Amino acid sequence: MKTKAIAKANKNTFYISTPLYYPSGAWHLGHSYTTVCCDAIARFKRLNGYDVFYLTGTDEHGQKIADKAKENSKSPKEFVDGLTDNIKELWSVLDIQYDKFIRTTDDYHIASVQKIFDTLYKQGDIYKGNYAGKYCTPCESFFSLAQLKEGKCPDCSREVKDFEEECYFFKLSKYQEKIEILLKSGEFLLPDFRAKEMINNFIKGGLSDLAVSRASVDWGVKVPFDTKHTVYVWIDALSNYINALGYNGDNKGMDKFWGGEVVHMVGKEIVRFHTIIWPAILMALGLPLPKTVFGHGWLLLEGDKMSKSKGNTADPFYLIDKYGVDAVRYYLLREIQFGNDGVYSLEAFLTRINTDLVNTLGNLTKRTIAMVKQYFGNTQFIGYGSQLMTTEDNVLIENINLLFSKVEKHMNKLNCSLALEEIFELVSAANKYIDVTMPWVLNKNGEKGRLHIVLYNLLEVIRVSANLLLPFIPDGTKRIFECLNLNLPADFHDAKFNRDTKYEDMKDEILYKRIDIKKELEN
RNA sequence: CGCGGGGUGGAGCAAUAGGUAGCUUGCCGGGCUCAUAACCCGGAGGUUGGAGGUUCGAGUCCUUCCCCCGCAACCA
């Protein structure tokens with residue numbers, strides 16, 4: 001009893017978050033990309049024995065939202081409600097297993113934001129001052145001096161006029177040195193070249209204090225002790241990561257997860273806020289810092305033409321509906337190079353699905369099970385002795401056994417595309433193994449013992465590969481285990497060659513239907 | 001000289017601390033027949049953006065130029 005409790009307490013925790021998405025327009029494939037990456041990582045960690053907390057949500061305040069709502073003749077809340085429902089629906093069809101969905105309009109979040117603001121003010125990290133800048137009357141927009149283009153409005157190039165507004169500042173400058181050390185540590189911000197970018201662009205020029213409230217914005221959290229001010233995005237949106245864990249509330253999640261391994265997955269455009277402002281706020285609050293902020297690249301769409309004229313073929317809902325959830329997940333996880341931008345095209349998407357999911361994985365599963373049924377009937381089909389083993393067998397088995405550690409290594413670096421590459425290398429090797437061993441010849445020659453070994457080895461490749469593919473393509477892998485007539489693994493303990501797996505009554509179904517790419521591209 | 005990333009066979013990408021330029025996809029040819037026109041093998045295709053330089057030897061280091069992209073207070 002006692003040991004069990006200790007074991008549980010010692011279980012490693014893993015906390016991963018997506019950014020809070022900004023509900024100002026339609027959700028696109030880019031949002032799906034980040035969320036699917038996090039989902040695959042979260043699932044991998046769960047299967048790998050970690051106690052995982054996966055957070056996503058929406059950042060619903062700000063002037064832009066208020067404006068958009070007005071355009072749509074809705075109240076801000078009505079407007080974001082609709083988009084939030086919509087994104088939850090998207091996560092549902094993408095089979096995203098998040099543990100919590102936080103909205104910055106949630107009561108507990110608002111309360112905590114106010115508490116944080118109040119605390120920082122009382123301890124002197126926030127002070128009242130004046131925010132000076134420029135205002136473009138026709139555009140109704142404020143700009144800092146740095147934003148101006150040749151002294152004029154960056155949007156319309158007209159004259160701007162001075163304006164000054166009372167607001168609250170966060171003493172960001174105070175944390176300059178600590179942030180610099182953090183960024184230079186080489187572990188906090190990945191990929192490493194982004195850290196260089198931050199240091200050269202922002203740290204070197206010196207950090208100035210940060211305006212953290214706006215009097216001109218109404219749609220947001222009110223400064224508790226001065227309600228004509230609204231808390232600006234920094235403290236509002238960034239603090240979600242701790243508020244979701246019960247910070248300033250029951251604190252349960254904080255105790256459990258915040259001190260452990262914490263990973264923020266963010267788009268490269270918000271790396272700055274997560275690696276300079278956010279750690280400074282945490283330092284001010286006396287809280288530990290996240291272990292890693294990963295700034296991923298962007299999924300660039302091939303211009304707007306395609307999306308407008310053809311019913312938006314890059315719309316995640318459309319793609320999932322038409323080609324299945326695995327297709328979209330697999331494409332996003334596999335095709336986009338780690339940390340870099342990738343370009344989406346329908347053709348590349350469809351090609352990827354056909355070559356990997358259909359031809360390599362689906363076909364291997366089908367042909368293997370079909371052979372077992374043809375040559376041995378649907379009777380029980382289990383392990384064997386070692387007397388008939390060949391070099392090919394041993395190499396294949398060794399590769400099966402090496403797979404987990406290879407995949408784990410890449411996943412520890414959050415690199416889903418390389419992890420998938422490793423798995424598909426084994427699956428491809430199995431297709432080649434079939435050609436080398438020629439089971440149909442073995443059958444013809446009546447070499448049943450040898451035939452048995454070959455087919456059994458193939459089934460093991462499929463089983464172990466499917467086990468490791470669980471985090472990435474949950475739908476297809478579930479069907480593979482149904483075809484193999486095995487229980488869905490709850491972890492990776494059996495992700496290795498096993499001599500005694502009991503295979504019987506299997507089904508040789510088509511896992512992924514082949515797509516006629518030419519035809520699809522014409523439509 | 002604002003900062004950063006990148007320019008490699010048709011396309012998308014690789015090349016540990018300099019040493020015969022690889023992979024995937026596509027194309028052409030062959031093989032096999034268990035399988036979803038799937039699988040396996042072979043081939044064609046690159047003077048690695050341009051020009052100099054260092055070196056026995058450079059995609060990989062140095063100089064210079066050209067081009068694309070991102071960032072510069074919130075588009076994932």
Side-chain angles (χ1 to χ4, degrees), chain A residues 18-22 24-25 27-38 56 59 62 64 133 142-144 146-147 154 172 191 193-202 204-205 208 210-212 232-234 236-238 265-274 276-277 295-300 334-343 345 347-348 351-352 354-360 362-375 417 421 424-425 428 430-443 451 454-455 458 508-516:
Chain A
T18 71
L20 290 199
Y21 301 111
Y22 201 63
S24 60
W27 305 114
H28 53 74
L29 213 50
H31 299 104
S32 306
Y33 171 52
T34 313
T35 307
V36 165
C37 282
C38 290
T56 189
D59 166 22
K64 216 187 265 177
F142 297 99
F143 299 103
S144 68
Q147 281 178 287
L172 187 61
F193 64 81
R194 300 215 188 272
K196 214 185 295 175
E197 215 167 283
M198 288 303 115
I199 292 168
N200 288 336
N201 276 341
F202 308 114
K204 277 185 180 166
S208 45
L210 185 74
V212 289
Y232 198 48
V233 62
W234 316 121
D236 182 3
L238 289 169
M265 182 74 73
V266 301
K268 61 182 180 182
E269 78 290 351
I270 50 172
V271 161
R272 178 181 181 185
F273 319 125
H274 284 78
I276 294 177
I277 298 173
H296 65 68
W298 278 357
L299 183 63
L300 306 170
R334 176 61 211 267
E335 188 86 0
I336 312 308
Q337 292 299 313
F338 186 61
N340 292 322
D341 290 351
V343 179
S345 78
E347 189 177 358
T351 303
R352 191 95 240 176
N354 264 358
T355 44
D356 290 359
L357 295 187
V358 179
N359 296 348
T360 306
N363 187 42
L364 175 73
T365 307
K366 172 93 191 292
R367 67 197 296 214
T368 301
I369 297 177
M371 283 191 279
V372 172
K373 292 176 75 167
Q374 261 175 69
Y375 303 148
S417 59
E421 209 176 304
F424 275 83
E425 214 160 281
S428 291
N431 272 322
K432 182 165 183 173
Y433 175 81
I434 294 180
D435 257 60
V436 175
T437 54
M438 296 187 284
W440 50 92
V441 173
L442 296 174
N443 180 59
L451 181 60
V454 167
L455 295 180
L458 288 167
D508 57 331
E509 282 174 4
I510 288 180
L511 284 174
Y512 299 100
K513 249 201 186 136
R514 187 177 174 77
I515 303 164
D516 188 337

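The structure presented is a predicted model; accordingly, all values stated were derived computationally and were not measured. So you know, we letter chains A, B, ... as the sequences are listed, proteins then strands, and number each from 1.
- Looking at the side chain of A/Val233, the nearest of the listed nucleotides B/C71, B/C39, B/C74 is B/C74.
- Distances from the side chain of A/Trp234 to the nucleotides B/C74, B/A76, B/U25 place B/C74 closest.
- Side-chain N/O atoms of A/Lys513 include none lying less than 4.0 angstrom from OP1 or OP2 on B/U36.
- Comparing B/C27 with B/A17, their C1' atoms sit 39 Å apart, to the nearest whole Å.
- Scanning atom types as modelled, one donor and one acceptor separated by under 3.5 angstrom connect the side chain of A/Asn363 and the base of B/A35.
- Taking the side chain of A/Phe202 as heavy atoms from C-beta on, and the options B/A76, B/A72, B/U25, the nearest nucleotide is B/A72.
- Where A/Trp440 and A/Asp356 meet RNA chain B, the nucleotide closest to each residue was compared, and A/Asp356 sits on the side nearer the 5' end.
- Nucleotide B/U54 is matched to nothing when pairs are restricted to Watson-Crick or G-U wobble geometry with both distances under 3.5 angstrom.
- Spacing between B/G19 and B/G59 at atom P, rounded to whole Å, works out to 10 Å.
- Counting any heavy atom pair closer than 4.0 Å across all strands shown, A/Ser208 reaches a base atom.
- A distance of about 9 Å separates the C1' atoms of B/G46 and B/A21, rounded to the whole Å.
- Checking B/C34, B/C40, B/U36 against every side-chain atom of A/Arg514, the shortest atom distance belongs to B/U36.
- Counting only heavy atoms from C-beta on, A/Ala370 has its side chain closest to B/A35 among B/A73, B/A35, B/C41.
- For A/Ile270, whose side chain is taken as the heavy atoms from C-beta onward, the closest listed nucleotide among B/A76, B/A73, B/U36 is B/A76.
- Distance CG/A/Asn363 to CG/A/Asn354: 11.5 Å, rounded to 0.5 Å.
- The listed nucleotides are B/A76, B/A73, B/C34; the one nearest the side chain of A/Met371 is B/C34.
- Rounded to the nearest Å, the gap between the P atom of B/G10 and that of B/G49 is 13 Å.
- For B/C39, the OP1/OP2 oxygens have no side-chain nitrogen or oxygen of A/Lys432 closer than 4.0 Å.
- Comparing B/A73, B/C39, B/A76 by their closest approach to the side chain of A/Thr34 singles out B/A76.
- One finds a side-chain N or O of A/Asn359 lying less than 4.0 angstrom from the OP1 or OP2 phosphate oxygen of B/C39.
- Put simply, A/Lys64 has a side-chain N or O that comes within less than 4.0 Å of OP1 or OP2 on B/C75.
- Between A/Lys366 and A/Asp508, the closest side-chain pair of non-hydrogen atoms falls below 4.5 Å.
- Of the candidate nucleotides B/C41, B/A76, B/A73, B/A76 has the atom lying nearest to any side-chain atom of A/His28.
- Separation of the P atoms belonging to B/G18 and B/C23 is 23 Å when rounded to the nearest angstrom.
- Residue A/His31 has its side chain nearest to B/A76 when only B/C74, B/C34, B/A76 are considered.
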